[in-house]
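Labels below follow one simple rule: chain letters A, B, ... track the order of the sequence lines, proteins then strands, and each chain is numbered from 1.
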Amino acid sequence: DIQMTQSPPSLSASLGDKVTITCQASQNINKYIAWYQQKPGKAPGLLIHYTSTLVSGIPSRFSGSGSGRDYSFSISNVESEDIASYYCLQYDNSPTFGAGTKLELK
Amino acid sequence: EVQLVETGGGLVQPGNSLKLSCATSGFTFSTAWMNWIRQTPGKRLEWLAQIEDKSNNYFISYLESVKGRFTISRDDSKSSVYLQMNNLKEEDTAIYYCTLNYYDGTYYYPFAYWGQGTLVTVSS
């Protein structure tokens, strides 16, 4: 199975900050990485697929990049509604998720 | 509107079985690829199983660690997908989500839609 190492486990940001989360795969995943947002008590929601393609309706302050084994997800100008946990998913092979990053307000 | 509604969770003793159901609406179920994913109390997400559509001979894939204990199935006439879980262990305690992959002709969206989840607690 492909392992996804996601960091940091938690992140503290002020409103308007830019934050970045990284995921490293144990092997090349050919850009087949997606990012999900989960708020307390809710199911995860898909934000980005195929590394950098935003799902329709997702604000442009969310972005993704990367290739090979190394990928990142960023939120520019953090807003209060972005306070949530974020997970990466590789779907190049049998799907596996990163451990998640909890974004909190400083 | 796409809707996925899971039922069948509850408290079960180790070694026992449980069958989860997911009723769906708002999309063409017969051509959909359906999945089960669980989230542990520690918030870890784990893909469990996928069942493809009739055109792909209902091909099934499993997470290796649940193969032989968990069985995914579907009933296209009821727009429903199921997860039969046998010989349950305490580490199977989790929220179980039914999810739908989506393909719009250009892009493939993994786990694009999720149900609200059903809690399974395995404890004596």
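A/Pro44 and B/Leu45 get closest at one heavy-atom pair: CG-CD1, 4.1 Å.
Side-chain atoms of A/Leu46 and B/Trp114, non-hydrogen and from C-beta on, never get closer than 4.5 Å to each other. By the 4.5 Å heavy-atom criterion applied to side chains, A/Tyr36 and B/Pro110 are counted as neighbours.
B/Tyr103 and B/Leu4 end up in the same hydrophobic cluster when Ile, Leu, Val, Met, Phe, Trp and Tyr side chains are linked at under 4.5 Å. There is no path of hydrophobic side-chain contacts, each under 4.5 Å, that joins B/Trp33 to B/Tyr58. A/Leu15 and A/Ile83 fall within the same hydrophobic cluster, where Ile, Leu, Val, Met, Phe, Trp and Tyr residues are linked whenever their side-chain heavy atoms come under 4.5 Å apart, directly or through other members. Note on A/Phe62 and A/Leu105: same hydrophobic cluster, where clusters join Ile, Leu, Val, Met, Phe, Trp and Tyr whose side-chain heavy atoms are under 4.5 Å apart, directly or indirectly. Hydrophobic clustering of Ile, Leu, Val, Met, Phe, Trp and Tyr side chains at less than 4.5 Å, counting indirect connections, keeps B/Leu48 apart from B/Tyr82.
Interatomic distance, CG of A/Leu89 versus CH2 of B/Trp47, reported as 11.0 Å (0.5 Å rounding). Taken to the nearest 0.5 Å, the CG atom of A/Asp1 stands 8.0 Å off from the OG atom of B/Ser65. Atom-to-atom distance recorded for B/Arg44:CZ and A/Phe97:CZ is 11.5 Å, nearest 0.5 angstrom. The distance from atom OH of B/Tyr109 to atom OH of A/Tyr91, rounded to the nearest 0.5 Å, is 10.0 Å.
Within 6.0 Å of atom OH in B/Tyr107, 12 or fewer heavy atoms from other residues, nucleotides or ligands are found, so the atom counts as exposed in its surroundings. Heavy-atom contacts from other residues, nucleotides or ligands closer than 6.0 Å to NZ of B/Lys78 number 12 or fewer. The environment of NZ in A/Lys39 is crowded: more than 12 heavy-atom neighbours from other residues, nucleotides or ligands sit within 6.0 Å. By the neighbour-count criterion of 12 heavy atoms within 6.0 Å, atom OH of A/Tyr32 is sparsely surrounded, having that number or fewer from other residues, nucleotides or ligands.
When B/Tyr113, B/Tyr62, B/Phe111 are compared by the number of non-hydrogen pairs under 4.5 Å with chain A, B/Phe111 comes out ahead. Ranked by heavy-atom pairs shorter than 4.5 Å toward chain B, the options A/Ala43, A/Ala99, A/Gly100, A/Gly98 are led by A/Ala43.
Neither the backbone nor the side chain of B/Ile95 has a heavy atom closer than 4.5 Å to any heavy atom of chain A. Heavy-atom distances place the side chain of B/Tyr97, and not its backbone, under 4.5 Å from chain A. Heavy atoms of A/Lys42 lying under 4.5 Å from chain B belong exclusively to its backbone. Contact annotation for B/Gln39: only side-chain heavy atoms (C-beta onward) come within less than 4.5 Å of a heavy atom of chain A. Contact annotation for A/Ser85: neither backbone nor side-chain heavy atoms come within less than 4.5 Å of a heavy atom of chain B.
The ring of B/Tyr108 has its center no closer than 6.0 angstrom to the ring center of A/His49.
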